[in-house]
Each structure stands twice: as C-alpha cells, then as structure tokens.
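Report on one structure; see the data block that follows.
Computed from a predicted model, the values in this text were never measured in an experiment. Counting begins at 1 with the first residue of the sequence. Note that ligands are numbered from 1 as they come in the structure, with each ligand's atoms numbered from 1 the same way.
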Amino acid sequence: MIHHTQVGIIGAGPAGLLLAQLLHQQGIRSVVLENRSRERVESRQRAGLLEQNTVDLLRQAKAADRLDREGLVHDGVILSYNGQRHRVDLAQLTGGSRVTIYAQTEVVKDLIRLRMDAGESILFEAEATTIEGLDTNASMIQYVHNGENHTLICDFVAGCDGFHGISRQTIPASLTTVYDKVYPYCWLGILAKVPPSTHELIYAYHAHGFALHSMRSPEISRLYVQCSVTDTLDDWPDERIWAELQIRLGTAGWTLQEGPFWRKPSRPCVAS
Ligand SMILES: Cc1cc2nc3c(=O)[nH]c(=O)nc-3n(C[C@H](O)[C@H](O)[C@H](O)COP(=O)(O)OP(=O)(O)OC[C@H]3O[C@@H](n4cnc5c(N)ncnc54)[C@H](O)[C@@H]3O)c2cc1C
C-alpha cells in the first residue's frame, strides 16, 4: 500500500516524537513509524535528568504540563571526590538555569498522548526497512506493519531511529564522519524502590570507580555504579551494589537509604 505525507519520521523516541509535535504546531503533516510496541516504548528506562534548554523546548512545544506539575526541580548538584562533597549551585552560577528530574519514559508518554489526542499519525510495530530517493523530491520509506509491506512517500525523511536504526546506515559512508570514544568500562544503572537519600544528585569519583545517586520521583531512586566491561549481572548481586554505593558515595554526614531493586538491566551498558 502507498501512503503520502510531508515528513516521514522513523522512530518514536524523544527526538522523533518532539520533532513530530514541533511540525504539528507549524501545520506540517508527518507520519511517525516505530518498530516497537507502545507499551515497550513507554516503559524503556533511560535518561531522567532534563537540562534547562530541554525543559524550555518542551514548554514551547506545549508538552510540559505534567513535567511542570511533577518534575523535581534542582538548583544544584553535588560532586563527591573520594568522599569529600562539594555543592555546585547551578542556578546561581548560570543566572537561573536549573535541572529537572523527569524520566525520559514520562516525556515519551506525554508526547505520544499529545500526538494521539491531535489525531496525528503514529504507527507502532511498524518497522522501516529501507529508505530510498533521498536525493529526489519524493523520498520513500519502505516499512512493514501488521505483516504487510507499505511505502511512505514523503518530501523529507527524519531518521530519528537511534544508533542502531537504519537511517544511520543509509547515509553514504563518504558523507559521514564518525567521532567515537568508547571508554574501557561499563555502567550498571538500577532503579530502587526507596526514597532518594539526598535532595540533589551526587556524582562521585572514587578509587573503586564512579557512582551516581539520582532519582526518578520522591519514591524511586536511580543509582549507577561503574563496573568492568567483562562483568555480568552475576558479578553484581544486590548486596555488592549497595556495599559499593556506600563506599563510593561516601556516607560521612548522611545516610544512604537501601531498599529493594525494582529494575535491573539485563547487562551492564558500555560507556561511550
Ligand atoms: C541506559 C541509558 C541511560 C541513559 N541516561 C541518560 C541520561 O541520564 N541523560 C541523558 O541526557 N541521556 C541519557 N541516555 C541517552 C538518551 O536516552 C538518548 O540520548 C535518547 O534516548 C535518544 O533519543 P532518540 O529519540 O534520538 O533515540 P531513541 O530513544 O533510541 O529512539 C529511537 C527509536 O527508533 C526506533 N527504531 C529503531 N529502528 C527502527 C526502525 N527500523 N523502524 C522504526 N523504528 C525504529 C526505536 O525502537 C526507538 O524507539 C541514556 C541512554 C541509555 C541507554
């Protein structure tokens, strides 16, 4: 089946969804193609901290109502160096810029709801397979939806399908310059069902490796520990994670509250 639109957007992550909303505000038609289910896209745990420019852009896009109600606004962050803590007052140093804790999954949910409420097209479980005619006025995205092949003809293609998507591979190698830095360690990022132990984030340097104490809400803590690239989850039982966090975050003068882990990743993430 052949369909037409002005902008074909591949990927319903924050980039594709926000672009779709900004285009909608300008009266430009678009179709969003997403290969995962809505449920999967809305539950993927990723980022949780929005910088001021992102908050400002979401407000401009009229996508910040819930963010403004529920986001946790922080004026500063804490840097910990071998147990010594130093607070950086971001708001004071920048003339009012702050960071807001609001999970990427929530941003994605808000943008999907806006799109659906506006009756604009978004297809889940629709996998883009090829992009053709990028140097013509009628580019084509081939995609598979409900087991059927479809063609989307569009004036522009926006490849918002992330690092592993097809858009990146479609750009000729001769036109691409890749700047890459892969660090020789991994991150283990965990969500714990325990109220955050401090109001602001703690980024900790320690001889054992980096650790981060962050949060997703007043009930959920987000914690990271740096680990080796060869580590698997079996190397990191819950007790070891808490013990390392206690050491790396340095608990002099405050208490790191422990609680049950709610979500652990299937493996540590490569740092890049
Ligand atoms: C564990 C983790 C923690 C992170 N923490 C932070 C953080 O604290 N702060 C921060 O700023 N950033 C963080 N990031 C990075 C942040 O999540 C990404 O920068 C962000 O997700 C990029 O958004 P995006 O829309 O470009 O891509 P993505 O979110 O990757 O979205 C791409 C979408 O395209 C879809 N797709 C892929 N291929 C196809 C296809 N062929 N057809 C149709 N759809 C397709 C995918 O399913 C996906 O939904 C983190 C990332 C990870 C993995």
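Looking at Gln21 and Glu120, their side chains never bring a donor and an acceptor atom within 3.5 Å of each other.
Applying the 4.5 Å side-chain rule to ILVMFWY residues, one finds Tyr205 in the same cluster as Tyr81.
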Taking a 3.5 Å cut-off between nitrogen or oxygen atoms, can you list every pair linking ligand 1 to the protein, with distances?
{"unit_1": "ligand 1", "atom_1": "17 (O)", "unit_2": "Gln104", "atom_2": "OE1", "d": "2.8"}
{"unit_1": "ligand 1", "atom_1": "21 (O)", "unit_2": "Arg46", "atom_2": "NH1", "d": "3.4"}
{"unit_1": "ligand 1", "atom_1": "21 (O)", "unit_2": "Gln104", "atom_2": "NE2", "d": "2.8"}
{"unit_1": "ligand 1", "atom_1": "25 (O)", "unit_2": "Pro14", "atom_2": "N", "d": "3.2"}
{"unit_1": "ligand 1", "atom_1": "25 (O)", "unit_2": "Ala15", "atom_2": "N", "d": "2.9"}
{"unit_1": "ligand 1", "atom_1": "29 (O)", "unit_2": "Arg46", "atom_2": "NH1", "d": "2.9"}
{"unit_1": "ligand 1", "atom_1": "30 (O)", "unit_2": "Arg46", "atom_2": "NH1", "d": "2.9"}
{"unit_1": "ligand 1", "atom_1": "41 (N)", "unit_2": "Ala128", "atom_2": "O", "d": "3.1"}
{"unit_1": "ligand 1", "atom_1": "42 (N)", "unit_2": "Ala128", "atom_2": "N", "d": "3.0"}
{"unit_1": "ligand 1", "atom_1": "44 (N)", "unit_2": "Asn35", "atom_2": "N", "d": "3.1"}
{"unit_1": "ligand 1", "atom_1": "47 (O)", "unit_2": "Glu34", "atom_2": "OE2", "d": "2.7"}
{"unit_1": "ligand 1", "atom_1": "47 (O)", "unit_2": "Asn35", "atom_2": "OD1", "d": "3.0"}
{"unit_1": "ligand 1", "atom_1": "47 (O)", "unit_2": "Arg44", "atom_2": "NH1", "d": "3.3"}
{"unit_1": "ligand 1", "atom_1": "49 (O)", "unit_2": "Glu34", "atom_2": "OE1", "d": "2.6"}
{"unit_1": "ligand 1", "atom_1": "49 (O)", "unit_2": "Glu34", "atom_2": "OE2", "d": "3.2"}
{"unit_1": "ligand 1", "atom_1": "49 (O)", "unit_2": "Arg44", "atom_2": "NH1", "d": "3.3"}
{"unit_1": "ligand 1", "atom_1": "49 (O)", "unit_2": "Arg44", "atom_2": "NH2", "d": "2.7"}

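Aromatic ring centres of Phe261 and Trp236: separated by at least 6.0 Å.
Note on Asp235 versus Arg240: no salt bridge recorded, every NZ/NE/NH1/NH2 to OD/OE distance being 4.0 Å or above. Salt bridge present: Glu200 and Arg87 bring a charged side-chain N and a carboxylate O closer than 4.0 Å. Salt bridge Glu125/Arg36: absent, no basic N to carboxylate O contact under 4.0 Å.
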